[in-house]
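All remarks here apply to the structure that follows.
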Amino acid sequence: MSTPYHPESVEKTAREYWENSRCFEVEEDPDKDKFYCLTMFPYPSGKLHMGHVRVFTINDVIARYQRMQGKHVLNPMGWDAFGMPAENAAIKRGVPPAKWTYDNIDEMRSQLKRLGYAYDWSREVTTCRPEYYRWEQWLFTRMFEKGLVYRKNSVVNWDPVDQTVLANEQVIDGRGWRSDALVERREIPQWFMKITAYADELLDELERMPGWPDSVKTMQRNWIGRSEGVELAFDVQGEAEPLTVFTTRPDTLFGVTYMAVAAEHPLAARAAAIDPGIAAFIEDCKKTDAAEATLETMEKRGMPLGISAIHPLTGQEVPLWVANFVLMSYGTGAVMAVPGHDERDWEFAKKHDLPIVQVIRPADGSEIDIDAAVYVEKGICMNSGEYDGLGFDDAFNAIADHFERSGRGRRTINYRLRDWGVSRQRYWGTPIPIIYCDDCGAVPVPAEQLPVVLPEDVEFTGHGSPLKDIPEFIKAACPKCGADARRETDTFDTFVESSWYFARYACPDNDTRMLDERAAYWMPVDQYTGGVEHAILHLLYSRFFQRVMRDEGLTDVSEPFTNLLTQGMVLKDGAKMSKNKGNTVDPQELIGRYGADTVRLFMMFAAPPEQALEWSDAGVQGSFRFLKRFWSAVIAHTEQGPVSDLDPAAMNDAHKALRRKTHQTIAKISDDIGRRYTFNTAVAASMELLNAVNRLDDTSATGRAVVHEALEAVVLMLSPIVPHVCHALWQELGHEDALIDQGWPQVDDDALVADLIEVVVQVNGKLRGRLSVPADADNDTVSAQALADPNVQRFVGEDAIRKIIVVPGRLVNIVV
RNA sequence: GCCCGGGUGGCGGAAUUGGUAGACGCUGCGGACUUAAAAUCCGCUGUCCGAAAGGACGUGCCGGUUCGAGUCCGGCCCCGGGCACCA
C-alpha cells in the first residue's frame, strides 16, 4: 500500500468491492431482525445539492451502524419525479419534461453512487413511470367507490393574463411571476380526498409515537386543530335559510354584536346584486392570492350588507357584514363576532365603530375595561340573562343543551384540517383516472383499463396543460354506458406519489398488486430521515395514505414511520441553500478535490443533524486534514510490523490510560450514533482518541498492542461515516475479511476502571480548586480534602460553613 | 398574523438528568522543517486586570427559582422553517 492518502483510488477500490459483492441488496428473511432505513426521496432537480448530501449521509451512517449491530438493513433509493420544475424547464429550454427528468435521474444516480451510499439499487422506484403511478390511480378509484374522494369547488390563484393557474410560490406580492398581473382567487371544481375522515385517528395516534420529535407531533396536532364547539343557526331577515356558524365559545353568545360572511357567500352575492358598492368590494376581495399567510396578514376589511340576523337568544337584530378575512372554504363561510372576547373581532369593531359588550368577567373578581382592552380568557358569564354567574363549562353545556333541545344547533367537533385537494391543472403529473360522461357523470376508470398513461411526447407551450390539446388522450368511452366521454385532464398533486413510495420499495416489481407480502415483512419504516420542512404536509399525507391502504386490506400497518429524524437545512451565509435561491455549493466539485469521505465527514462533523448547518469551505479542508492524519497514524503503526496479543499484566499507567480512553470512546460513540444521533460528537470523540494515540510514543510490545486496539476501534467506529477510507485501513491493519461484514466494537468494562478521579471544589457556587481523589473515597474524606485546599481556605476564611454539598465523583460546594 | 424551532469565543459547535462553560475542529498569531513556497509538525488563541499565582466579567435582553442556571420558570428582542399549488 502506498503511503500518502489518495482518496480517489481508495474510494474506487471500496466502491468496487461493495458493488461486486452486492452486499447492500437484501431479500426478505424472517429469521433476521429487519431494519428499514429510509430518507425522503429526492426530486430529480438536476444535480445533487448539499441538502441531499447531508440527509443521505445521515441515513447512510444509521444504515451502516445498524448493519454492524447485526440488523438486516433495507436502504433503498428512488425518485419523486413528477413536479413543476420539469414544466418550467420545458418552457424555458424546450426540453420535454420526461426527457429532462430521466436525464436528471441518470446524473443524480451516478452522483449518489460516487458518494458510496449503501443503497439496494435493485429496488429503485421512479414515480413518473406508469408501473408506479398506476397503483395510486387504482387506489384513487377504490377510494372513489368508498366515498373517500369527492369533487367540489375550491379556490386557485388565477393569472388573468397568462390564463393559467399559479402555485403559491409563483405569486410574488400578489402578482404572477411571469405576467406581473394581479392574481385573482378563482373557484374551479377539483377532486378532494377525505383526510378529515381520519382526523381523530391521525391526532390520537400521535400520543403513541415516542419515536417522533415532540416538535413535529405538536405541529401536526395544531395543524389538525381539533376543537369542540357548537354549531348555531341565526335567522336572517328576509331569508328562508338560517345562517349557521361554529363557535368554541358559546358562553360568549350574548356578546355577539355583528356577524360576517365571506365575499363568496350567497348572502353577499345577493346584497351585491342590489348594491354596486358591495359588488365592487366583493370584486376587490378576490384580488388577492389564496395563501393563508396573505389572508392573515392583510388589512382586515369589511362592509355592512344592510341586512340583519336575529340573535337566537335575545331576538335582537345583529348587523351582517361581508369581510375579506372570512373564507368560504373554511367552515360555513360565516362567523359570529364577539368583539369583547375575541382579538380580531375587537379590532374590527374598534375600526368600524361597532358596539363592544362585556359578557365575561374574570373569575378572580378583578375589574376590566372591555373598551380599553379585549378579554379573551375564560371566566364567569355576565349580561347573559339566565346564564349569568356560570363558568365556562357550565355555560357551554347549558347553552349547547338549549340549542339541541330547540333543534337550532348542536354540539360538534371542528377541525382546522381540511380535506386534501389533489387536483392540479398541470401536465407533468399522474393523470387522475376519471372519465366524464354526459349521462353517467364522473366515472372512475376500471382497474383493467389502468394505468391511464401520461403521454410523454407533447408540445409544451406553457399556456395551460398540453393534455387539453391531445384529443386522443381526452377521447374515451364511458366505462358505464359506453357513450363518448371525456377524460379528466387534471393530474394529481405530487404529494400523492410521495405518500406511499416507502411501502412500494418492498415490492417495486409487482405488476399485479400495489403491495404484497414483502411489504408486510419490511413495513413499517424503522428510521425515516428528512427535512423538517416536511413536518406537516408530506408526513401527514403519508400517515393518511398508509391508513387508506390498511383499510383497503393491503397492509396491517397504520403508522408508516416508527422513528423520525428531521434534519436541518444547509445554509450558506445564513440563508437556505437550495435550487430556488441559487446559492448552492456543488458537491461534485468537492468530491473531485477531496473525495467522498471528506465531504461525508464534514457534513457529519459540522453540526448535529437536527440543526441548521452553516457551510464552511475551511471546515471541509479541516476534515480532509483529519483523514490524512488518520491515514498516516495507521500506516505509521503497521509499518512497525506485526503486533502481539495484549498482555494486561504488562500495562503501565500510560497504557492503562489509553486503553481506558479507547473503551470510554467506544461507549460514547455507541451512545452518540445509536441513541442520540449526534454524529458531530462521535467524530469529535474519534479525533480525541486518535490524538491520544499519537501522543503515546511507545514502541514496546504492550504499547503497540494498546495502540492497535485503539486504531481498530477508530476504524470500526468511523466506518459508517467515512466507509471508503476505513475499508482500506481495515485491510492495512491486517484483516482478510472486509470491514463491511464486521460487528460494532464492544466495551470492556474492566478497562474503564480508574483509580483516581478529579473533583472540583466550589465556594458559594464559584470554582475555587481541583482535587484528585481516590475513586472510592467517601463524602467526608472528599469534603475534608476540599477544605484543606489553600485557595479554598482563602475564600472560606473565617466565615462559618453553613452547608457542604458533595456530588459524588463531580464536585464539592462549600456554602458560607 | 398563527404554529414549530434556534440564539454560547473571531467562526462551526461541545457541555446527554440543574453540577468544571467553550470539548473537537476552523481561523488567526508565533515557532520548526524548506533556498523558497505548499504540505506537515509544535505552541498560543473568550474579554478585562495581573509579572505570576490568581481574580472580575461572560451563554440574545430583562426579571425570578436554587447552595449552584447555557440548562428550569415569567416577560421581551432577533433569526430560521411551515401555513395546505415549491418539493
Side-chain angles (χ1 to χ4, degrees), chain A residues 4 40 42-43 45 80 83-85 156-157 165-171 213-216 218-219 221-223 225 290-298 300 325 343-344 416-421 423-426 493-495 498 531-538 540-541 566 568-569 571 574-576 578-580 602 605-608 610-623 625-626 628-629 632 668 671-672 675-676 678 680-681 683-688 691 758-768 770 791 794 802-805 807 810-816:
Chain A
M40 295 175 188
Y43 178 79
S45 52
D80 188 13
M84 269 201 330
V156 294
N157 299 310
V165 175
L166 297 179
N168 284 336
E169 76 157 8
Q170 296 173 319
V171 180
D214 289 336
S215 58
V216 174
T218 304
M219 279 192 267
R221 217 171 272 130
N222 293 337
W223 185 262
E292 193 194 71
T294 310
L295 297 164
E296 290 278 341
T297 49
M298 71 188 177
K300 308 288 183 290
F325 56 84
E343 185 88 45
R344 190 180 65 190
R416 210 188 73 96
L417 179 70
R418 309 195 303 263
D419 278 335
W420 178 12
S423 296
R424 295 292 179 271
Q425 296 70 46
R426 303 192 198 292
D493 176 6
T494 57
F495 275 124
S498 58
V532 67
E533 64 272 22
H534 295 294
I536 295 173
L537 293 180
H538 161 59
L540 198 60
Y541 292 148
T566 54
M569 280 159 303
L571 308 179
K576 179 178 179 177
S578 76
K579 55 184 181 287
N580 290 339
F602 172 72
F605 182 52
E610 308 235 46
Q611 268 181 44
L613 182 153
E614 178 69 34
W615 185 259
S616 157
D617 290 323
V620 178
Q621 284 182 44
S623 294
R625 265 201 298 276
F626 170 74
K628 284 195 283 188
R629 278 202 302 277
S632 39
K668 170 155 180 64
D671 189 45
D672 284 352
R675 179 182 65 88
R676 297 209 301 154
T678 52
N680 56 327
T681 55
V683 173
S686 302
M687 289 173 168
E688 278 191 66
N691 290 344
E758 190 188 64
V759 167
V760 299
V761 187
Q762 298 180 336
V763 179
N764 288 340
K766 292 198 183 236
L767 180 69
R768 300 301 180 192
R770 293 164 197 280
N791 200 45
R794 247 180 76 203
R802 290 202 290 154
K803 204 199 278 192
I804 297 181
I805 292 150
V807 181
R810 298 214 76 138
L811 64 72
V812 181
N813 188 13
I814 298 161
V815 185
V816 298

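As a basis for the values below, the full set of heavy atoms in this structure was taken, side chains included, without hydrogen atoms, waters or symmetry mates. Numbered from 1 within each chain, the chains take letters A, B, ... in sequence-line order.
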Identify whether any heavy atom of [X] sits under 4.0 Å from a base atom; if not, whether one sits that close to sugar-phosphate; answer base, sugar-phosphate or nothing.
X	answer
A:Pro42	nothing
A:Ala291	sugar-phosphate
A:Ala535	nothing
A:Glu758	base
A:Ser423	base
A:Lys668	base
A:Leu417	base
A:Val683	nothing
A:Met569	sugar-phosphate
A:His538	nothing
A:Arg418	base

Atom [atom1], compared across [N] and [M]: separation rounded to whole Å:
N	M	atom1	value
B:U16	B:G30	P	37 Å
B:G12	B:G18	P	26 Å
B:G9	B:C48	P	15 Å
B:A23	B:G43	P	15 Å
B:G13	B:U8	P	8 Å
B:C26	B:G74	C1'	38 Å
B:G50	B:G31	C1'	26 Å
B:C4	B:C73	P	14 Å

*Would you say a side-chain N or O of A:Lys628 is under 4.0 Å from OP1 or OP2 of B:U40?*
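So the side chain of A:Lys628 is within the cut-off, an N or O lying under 4.0 Å from OP1 or OP2 of B:U40.
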| query | Does A:Arg424 make a side-chain N or O approach to OP1 or OP2 of B:A87 shorter than 4.0 Å? | reply |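 Negative; the distance criterion is not met.
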Check the distance between [N]'s [atom2] and [X]'s [atom1] and give it to me in whole angstrom.
X	N	atom1	atom2	answer
A:Leu295	B:C83	CG	P	14 Å
A:Glu169	B:C83	CD	C1'	15 Å
A:Trp420	B:C83	CH2	C1'	17 Å
A:Phe495	B:C85	CZ	P	8 Å
A:Arg810	B:A21	CZ	P	11 Å
A:Asp419	B:A84	CG	P	16 Å
A:Phe602	B:C24	CZ	P	18 Å
A:Leu537	B:A84	CG	P	8 Å

Here RNA chain B, pairs taken as Watson-Crick or G-U under 3.5 Å and shown with ( ), [ ] when crossing and | when to another strand, reads (((((((..(((......[....))).(((((.......))))).((((....))))..(((((..]....))))))))))))....
In 5'-to-3' order, the base (B), backbone-only (S) or no-contact (-) status of each nucleotide in nucleotides 66-78 of chain B, using a 4.0 angstrom heavy-atom cut-off, is -B-----------
| task | Measure up the A:Trp420 and A:Tyr541 rings against each other and bin them: parallel (under 30°), tilted (30 to 60°), perpendicular (over 60°). | result |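 Parallel.
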Applying side-chain contact (heavy atoms from CB on, under 4.5 Å), name anything that partners A:Arg424, two or more places apart in sequence or on another chain.
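Per chain and number, A:Arg424 pairs via side-chain contact (heavy atoms from CB on, under 4.5 Å) with A:Arg426, A:Thr491, A:Asp493.
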Item checked: Contacts of type side-chain contact (heavy atoms from CB on, under 4.5 Å), residue A:Lys766, not counting sequence neighbours ->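 For A:Lys766, the residues satisfying side-chain contact (heavy atoms from CB on, under 4.5 Å) (neighbours in sequence not counted) are A:Arg768.
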- Can you list the residues that meet the side chain to side chain donor-acceptor pair (under 3.5 Å) rule with A:Asn168, with sequence neighbours excluded?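 Testing A:Asn168 for side chain to side chain donor-acceptor pair (under 3.5 Å), a comparison that skips the adjacent residues, returns A:Asn157.
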Kindly write out the residues that satisfy salt bridge (Lys or Arg N to Asp or Glu O under 4.0 Å) with [X], not counting sequence neighbours, or none if the list is empty.
X	result
A:Glu292	A:Arg416
A:Asp214	A:Lys217
A:Arg418	none
A:Arg344	none

Anything under 3.5 Å between a protein N or O and an N or O of nucleotides 25-29 of chain B, put it in a table, one pair a line.
unit_1, atom_1, unit_2, atom_2, d
B:G25, OP1, A:Asn691, ND2, 3.2
B:C26, OP1, A:Arg625, NE, 3.2
B:C26, OP1, A:Arg625, NH2, 3.1
B:U27, OP2, A:Arg625, NH2, 3.1

RNA chain B nearest-nucleotide lookup for A:Asn680 and A:Ala684: closer to the 5′ end is A:Asn680
Check against side-chain contact (heavy atoms from CB on, under 4.5 Å), A:Asp80 and A:Met40 | CA-CA 9 Å; A:Asp80 188 13; A:Met40 295 175 188; over 6 Å; no
Scanning both residues in full, the closest heavy-atom pair of A:Met687 with A:Phe626 reads CG-CE1, 3.4 Å
Which atoms of nucleotides 55-59 of chain B (N or O only) lie under 3.5 Å from a protein N or O atom, and what are those distances?
unit_1, atom_1, unit_2, atom_2, d
B:G55, OP1, A:Arg768, NH1, 3.3
B:G55, OP1, A:Asn791, ND2, 3.2
B:A56, OP1, A:Arg768, NH2, 3.2
B:A56, OP2, A:Arg768, NH1, 3.2
B:C57, OP2, A:Lys766, NZ, 3.1

Identify all pairs in which a protein N or O lies below 3.5 Å from an N or O of nucleotides 3-6 of chain B, and state each distance.
unit_1, atom_1, unit_2, atom_2, d
B:C3, O3', A:Asn222, ND2, 2.8
B:C3, O2', A:Asn222, ND2, 2.9

